[in-house]
Number of protein chains: 2
Amino acid sequence: MTGQRRVIARVLSDADDHPDVEELYRRASALDSRVSVATVYRTVRLLEEKGILERRDFGGGRARYEATEHGRHHYHLIDVDNGKVIEFEDPEHEELMRRVAERLGFDFVSMRLELFGKKRPQTQQAGKTAQAAKRKGAAS
Amino acid sequence: MTGQRRVIARVLSDADDHPDVEELYRRASALDSRVSVATVYRTVRLLEEKGILERRDFGGGRARYEATEHGRHHYHLIDVDNGKVIEFEDPEHEELMRRVAERLGFDFVSMRLELFGKKRPQTQQAGKTAQAAKRKGAAS
DNA sequence: ATAGCTGCAAACGCTTTGCCTCGAA
DNA sequence: TTCGAGGCAAAGCGTTTGCAGCTAT
């Protein structure tokens with residue numbers, strides 16, 4: 001394992017948001033200026049194949065990544081005004097979809113679910129989820 | 001309105017599947033060899049802006065289109081083995097997601113839901129939905 | 001006649017890849 | 001020393017666009 005791969009892996013495991021390749025490249029470059037975008041692409045693909053990382057597509061043309069969560073799945077709510085991503089759980093959901101697939105004569109393989117919303121301005125009791133999201137830069 | 005736009009519009013309204021631009025171009029060319037891909041792209045974008053058409057992204061890099069349905073929404077189950085798309089309804093779903101958004105302090109704007117599955121081989125009682133899907137070529 | 005549409009090919013944005021060098025083991 | 005990893009730049013892919021000519025109205 002080389003230095004650049006180590007750096008990229010570190011950036012990825014440190015990230016608690018959903019960076020795209022450009023952002024990963026930026027963060028990795030800050031730690032070690034020798035990394036190139038090509039290596040970020042290659043590393044990210046490698047880690048995805050190993051199941052360590054998951055590629056997400058929130059629209060907007062670029063892939064975004066997050067560490068694979070073993071256990072509870074979560075879904076994403078994208079703020080249409082600023083692209084920020086809020087994670088949420090919905091335990092019943094997968095079971096529901098599993099039944100739908102079954103009803104259609106299919107075995108459930110996976111699903112993709114994204115919610116798009118606008119922050120409700122009036123009631124400010126959004127809770128810590130929104131607060132946590134607010135801390136990061138644009139498009140977490 | 002020119003001939004090529006008419007042809008493309010016709011191909012689109014005739015389609016009961018989810019063609020991508022390449023496929024639309026193929027079908028339109030068969031009716032009128034004067035159409036170009038650029039025009040297909042332009043027309044499809046135009047119709048989407050007018051709300052007549054909806055762009056879908058089922059993964060695989062290319063956009064796919066279907067006529068806007070006024071009224072009941074539907075979702076898509078993609079057969080991972082051959083890319084075929086089966087539509088299904090789930091009336092409660094949107095209401096469910098609307099509540100999730102609300103709980104997070106957001107107004108629901110839209111959602112994206114895709115199911116990926118493998119056709120179950122044993123029980124052959126899949127029903128007409130699967131039958132209907134079977135009639136079309138690859139990737140409906 | 002004229003505003004708008006079309007075809008063609010070039011340009012674009014993201015991602016991949018060929019090739020040759022470099023570095024880890 | 002050897003073989004995989006990395007850098008760079010070119011290529012690839014779907015999509016968009018500039019430009020000049022053509023077409024409905």
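Side chains included, hydrogens not; waters and symmetry mates left out as well; all remaining heavy atoms used. Quick note on labels: first sequence line is chain A, next is B, and so on, each numbered from 1.
- Within 4.0 Å of Arg42(B), counting heavy atoms only, lies at least one base atom of the nucleic acid.
- Atom CG in Asp32(B) sits roughly 12 Å away from atom P in dT23(D) (whole-Å rounding).
- Nearer to the 5' terminus of DNA chain D, by closest-nucleotide assignment, is the contact made by Glu22(B) (compared with the other of Arg45(B) and Glu22(B)).
- Remark: Glu23(B) engages Arg26(B) in a salt bridge, criterion side-chain N to carboxylate O under 4.0 Å.
- The aromatic rings of His76(A) and His18(A) stand perpendicular to each other, their planes meeting at an angle above 60°, with 30° marking the opposite boundary.
- With side-chain heavy atoms closer than 4.5 Å counting as contact, directly or through intermediates, the hydrophobic cluster containing Val44(A) also holds Val7(A), Ile8(A), Val11(A), Leu12(A), Val21(A), Leu24(A), Tyr25(A), Leu31(A), Val35(A), Val37(A), Val40(A), Tyr41(A), Leu47(A), Ile52(A), Leu53(A), Tyr65(A).
- Using a 4.0 Å cut-off between a side-chain N of Lys or Arg and a carboxylate O of Asp or Glu, Asp81(A) and Lys118(A) qualify as a salt bridge.
- Under 4.0 angstrom from either OP1 or OP2 of dT6(C) there lies at least one side-chain N or O belonging to Arg5(B).
- Counting only heavy atoms from C-beta on, Thr39(A) has its side chain closest to dG6(D) among dT15(D), dG6(D), dT6(C).
- Remark: Asp17(A) engages Arg27(A) in a salt bridge, criterion side-chain N to carboxylate O under 4.0 Å.
- If you measure from atom OH of Tyr25(B) to atom C1' of dC8(C), you get 11 Å, rounded to the nearest angstrom.
- Rounded to whole Å, the distance from CG on Asp20(A) to P on dG13(C) is 15 Å.
- Looking at heavy-atom distances under 4.0 Å, Val37(B) makes no contact with the nucleic acid at all.
- Distance CG (Leu46(B)) to P (dT17(D)): 14 Å, rounded to an integer number of Å.
- Remark: Tyr41(A) is in phosphate contact with dT15(C), judged by side-chain N or O atoms under 4.0 Å from OP1 or OP2.
- Between Ala38(B) and Ala38(A), the residue whose closest nucleotide on DNA chain D is further toward the 5' end is Ala38(A).
- Using a cut-off of 4.0 Å between Lys/Arg side-chain N and Asp/Glu carboxylate O, Arg99(A) and Glu95(A) are scored as salt-bridged.
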query: Checking ring-ring contact (aromatic ring centres under 6.0 Å, His included) for the pair His74(B)/Phe88(B): CA distance, chi angles, key distance, verdict?
result: CA-CA 5 Å; His74(B) 66 261; Phe88(B) 66 92; 8.7 Å; no
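- If you check dT17(C), dA5(D), dT15(D) against the side chain of Ala63(B), the one that comes closest is dT15(D).
- Distance from the side chain of Arg62(B) is smallest for dT15(D) among the nucleotides dT6(C), dT15(C), dT15(D).
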Check: protein-nucleotides 22-25 of chain C nitrogen or oxygen pairs below 3.5 Å:
none

